[in-house]
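Working notes for the structure below.
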Amino acid sequence: MRFQAPRGTEDVLPGESMRWVRLEDTFRQICALYNYQEIRTPTFEDTALFVRLGESTDIVHKEMYTFLDRGQRSISLKPEGTAPAVRAYLEHSLGSTGQVTKLFYITPIFRYDRPQKGRYRESHQTGVELFGTASPDADVEVIDLTARFYGELGIPQVRVKLNSIGGKDCRARYREALLDFARPALADMPAEFRERCERSPLRILDSKDEELRKRIEGAPQISDFLEEDSRAHFEQVCERLRALNVDIELERRLVRGLDYYTRTVFEVHSKSLGAQSQLCGGGRYDNLVEECGGPPTPAVGVAMGVERALIALNAQGFQEPPMVFAVCLTDRLDDFARIVKSLRDANISLDTDPDRRSAKSQFRQADRSGASLALAIGDQELASGSATLKHLRGGEEISASFDDLAATIRRVIGVETA
C-alpha cells in the first residue's frame, strides 16, 4: 500500500523549501528591527482557550480539530496563533513589569475546511503580538512592520485596507442596526447561513455572495456608531501611516472573522494575487487578555499566512539563491576540500560530487543542481593558483585567483551572498 499526505496538507520539497527559509529568515530579520522576541507555543491547547475567540465564529463553530485525550480532557489543535500567545503571556507573567511586551511566532495552524489554493487544513502563520499599550502608535508599528515584511520579500503592489469597529458598546448597537436592515435580505437564504449571520452579524458585510452584497449595499456603516475616542484613535492611526508612506485604503466593510477584535482592523492585499488578493489580517484586541483571565490589557497584532505569501512570491518568478557547483578534476583531494571550505566559510552556497566521478558526469550533475556557476579545480588550477568559473546557463568562462575567488563569485553572480 502506498500512502499519500492527508487531504488538505502538503509536503514542502527541496527547492520549494528554499522559499520557506527565505520567508522565515526575512520575517525574523524584520521582527528584530522592531525588537520583537520569538515565542513558540504548543501545537494543541485546551479547547476552552479557543472558545474564548467566540463560539459565533466559523473557526470555533465547525473548523477546529477537537478530541478527548486519555484523561478525557477536551483538546484542540490550534486554529490560530493569537490565543496561545495570550495564554503564554498570562501563564508566564510576561507583562508583570508593566512594560510593553512584543512577541512574534512562526507556527502551523489547523482548520478543518475545504482545501483550496493557499489554504490548507494544516497551514502556517507568521505573526506578531504587542501587549500593554493602547496607543495608536502601537497599531501603526504593527501595520508598518507587516508592510515592510512584504516589501522586503519582494511582493509588489501591497496595500493596507483599514477600518475601525470601535468598542463593545459601539459594536452591540451596530450589530442590532445591521441585523434589522439585513433580515429582509436574508429571508430566502439557507437556514444555516441565516443562523450564521444571527450569530455573527458583522460577517454579513464581507460575504462573498454577490446577490447578498447587492441587497445590503445601503446597510448602515459602523463609522456612524463609533465612540469619539475610537474615532480619534483611528484618525491618528491613518494620519501616522500616511506620514510613513504606507499605502492605505479605508474599507468601511472590513470587519475580520474573529470576535475578539476592537477598534483598528486591517488586511494587507497584493494585486499580484488576482481576485483573492488578501495576504493577511490583524487588528487591535483590547479585551482578549481579560477574557482569558488576565488583567485589562490592550493589545494589537497580525497573523500572516505563509502559503499566501509564497503564492505571491512565486508569481514574481522568485528563484533560489545562486549556488556554485565545484567540479573536482584532481587527485589532490585535501587541497580541493580546503578551497571548498574557504568558500563556505565566506558564505558561498556550494555543492560538490562526493563520488568524484568523471568530469563529464560532474558537469552534468552541476547542470541538474540548479547552480549558476561551475567551479572547475584541477591540477593546472592548483599549480597556477587560480580557478575557472563557468556560467552554466550561458557557457562563458572566467578565471579567478584563489585569493579573490569568493569576491569574484559574488560579482559574477550579481548578488551579495556574504
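Just so you know, residue 1 is the first one in the sequence shown, and it goes up from there. Because the structure is predicted, anything quoted here is derived from the model rather than measured.
For residues 70-98, the pairs satisfying ring-ring contact (aromatic ring centres under 6.0 Å, His included) are Tyr89-Phe131, with sequence neighbours left out.
The 12-atom threshold is exceeded at OH of Tyr65, counting heavy atoms of other residues, nucleotides or ligands nearer than 6.0 Å.
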Output, in order, the C-alpha distance, side-chain angles, deciding distance and verdict of side-chain hydrogen bond (donor to acceptor under 3.5 Å, both in side chains) for Tyr34 and Asp144. CA-CA 10 Å; Tyr34 294 77; Asp144 181 52; 2.7 Å; yes
Passes side-chain hydrogen bond (donor to acceptor under 3.5 Å, both in side chains), Glu24 versus Thr126? Steps please. CA-CA 8 Å; Glu24 292 167 2; Thr126 60; over 6 Å; no
Would Cys328 and Ile377 count as a side chain to side chain contact (heavy atoms under 4.5 Å, CB included) here? Give the steps. CA-CA 5 Å; Cys328 183; Ile377 301 175; over 6 Å; no
Please step through side chain to side chain contact (heavy atoms under 4.5 Å, CB included) for the pair Arg252 and Asn163, ending with a clear verdict. CA-CA 6 Å; Arg252 296 304 185 186; Asn163 194 17; 3.7 Å; yes
Under the criterion side-chain hydrogen bond (donor to acceptor under 3.5 Å, both in side chains), I'd like the reasoning laid out for Gln29 against Thr26: C-alpha separation, chi angles, the key distance, then a yes or no. CA-CA 5 Å; Gln29 291 164 11; Thr26 301; 4.8 Å; no
Yes or no on side chain to side chain contact (heavy atoms under 4.5 Å, CB included) for His391 and Val412, after CA distance, side-chain angles and deciding distance? CA-CA 9 Å; His391 276 284; Val412 170; 3.3 Å; yes
Given Glu249 and Val160, is the side chain to side chain contact (heavy atoms under 4.5 Å, CB included) satisfied, shown in steps? CA-CA 6 Å; Glu249 173 186 341; Val160 179; over 6 Å; no
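Note: Arg40 CZ to Ile106 CD1 = 8.0 Å, rounded to the nearest 0.5 Å. Atom CE of Met304 is separated from atom NE2 of His124 by 15.5 Å, given to the nearest 0.5 angstrom. Put simply, NZ on Lys390 and CD1 on Ile398 are 12.5 Å apart, with the number rounded to the nearest 0.5 Å. The distance from atom CZ of Arg356 to atom OG1 of Thr330, rounded to the nearest 0.5 Å, is 10.5 Å. Atoms CZ and OG, on Arg263 and Ser164 in that order, are 7.5 Å from each other to the nearest 0.5 Å. With rounding to the nearest 0.5 Å, the separation of CG in Leu77 from CE in Met64 is 9.5 Å.
Applying the side chain to side chain donor-acceptor pair (under 3.5 Å) rule to Arg308 yields no partners; only residues at least two apart in sequence or on another chain are considered. In terms of the ring pair (Phe, Tyr, Trp, His ring centres under 6.0 Å) criterion, His269 has no residue partners (sequence neighbours excluded). The side chain to side chain donor-acceptor pair (under 3.5 Å) test applied to Thr264 returns Asp139, not counting sequence neighbours. In terms of the side-chain contact (heavy atoms from CB on, under 4.5 Å) criterion, residue partners of Asp403 (sequence neighbours excluded) are, by chain and number, Ser401. The side-chain contact (heavy atoms from CB on, under 4.5 Å) search around Pro295 returns Leu90, Thr297, not counting sequence neighbours. For Tyr105, there are no ring pair (Phe, Tyr, Trp, His ring centres under 6.0 Å) partners, not counting sequence neighbours. Looking at residues two or more places apart in sequence or on another chain, you find a side-chain contact (heavy atoms from CB on, under 4.5 Å) between Leu392 and Ala366, Asp367, Ala371, Ala374. For Thr47, the side chain to side chain donor-acceptor pair (under 3.5 Å) test picks out Ser74, Ser76, with sequence neighbours left out. For Gln236, the side chain to side chain donor-acceptor pair (under 3.5 Å) criterion is met by Arg240, not counting sequence neighbours. Taking Phe336 as the reference, nothing meets the ring pair (Phe, Tyr, Trp, His ring centres under 6.0 Å) condition, with sequence neighbours excluded. With sequence neighbours left out, the salt bridge (charged side-chain N to carboxylate O under 4.0 Å, His left out) criterion links Asp334 to no other residue.
For the 3.5 Å distance criterion, the side chains of Ser384 and Ser386 qualify, holding a donor opposite an acceptor. In the model, Tyr120 has no side-chain atom that pairs as donor or acceptor with a side-chain atom of Asp113 under 3.5 Å. A donor atom on one side chain and an acceptor atom on the other are not found under 3.5 Å apart for Lys78 and Thr43.
For the residue pair Phe402 and Ala387, the shortest heavy atom distance occurs at CE2-CB, 3.4 Å.
When each of Val327, Val340, Val324 is paired with Leu375, the side-chain contact (heavy atoms from CB on, under 4.5 Å) condition holds for Val324 and for no other. Between Tyr36 and the options Val142, Ile30, Leu103, a side-chain contact (heavy atoms from CB on, under 4.5 Å) holds for only Val142.
Between the side chain of Asp404 and the backbone N or O of Thr408, no donor-acceptor pair lies under 3.5 Å.
Here the side chains of Arg121 and Phe110 are not in contact, with every heavy-atom distance at 4.5 Å or above. Taking the side chain as every heavy atom from C-beta outward, Cys238 and Phe234 approach each other to under 4.5 Å. Using a 4.5 Å heavy-atom cutoff, the side chains of Leu343 and Ile409 are in contact.
Ion pairing of Glu307 with Arg119 is absent here, as no side-chain N (NZ or NE/NH1/NH2) approaches a carboxylate O to less than 4.0 Å.
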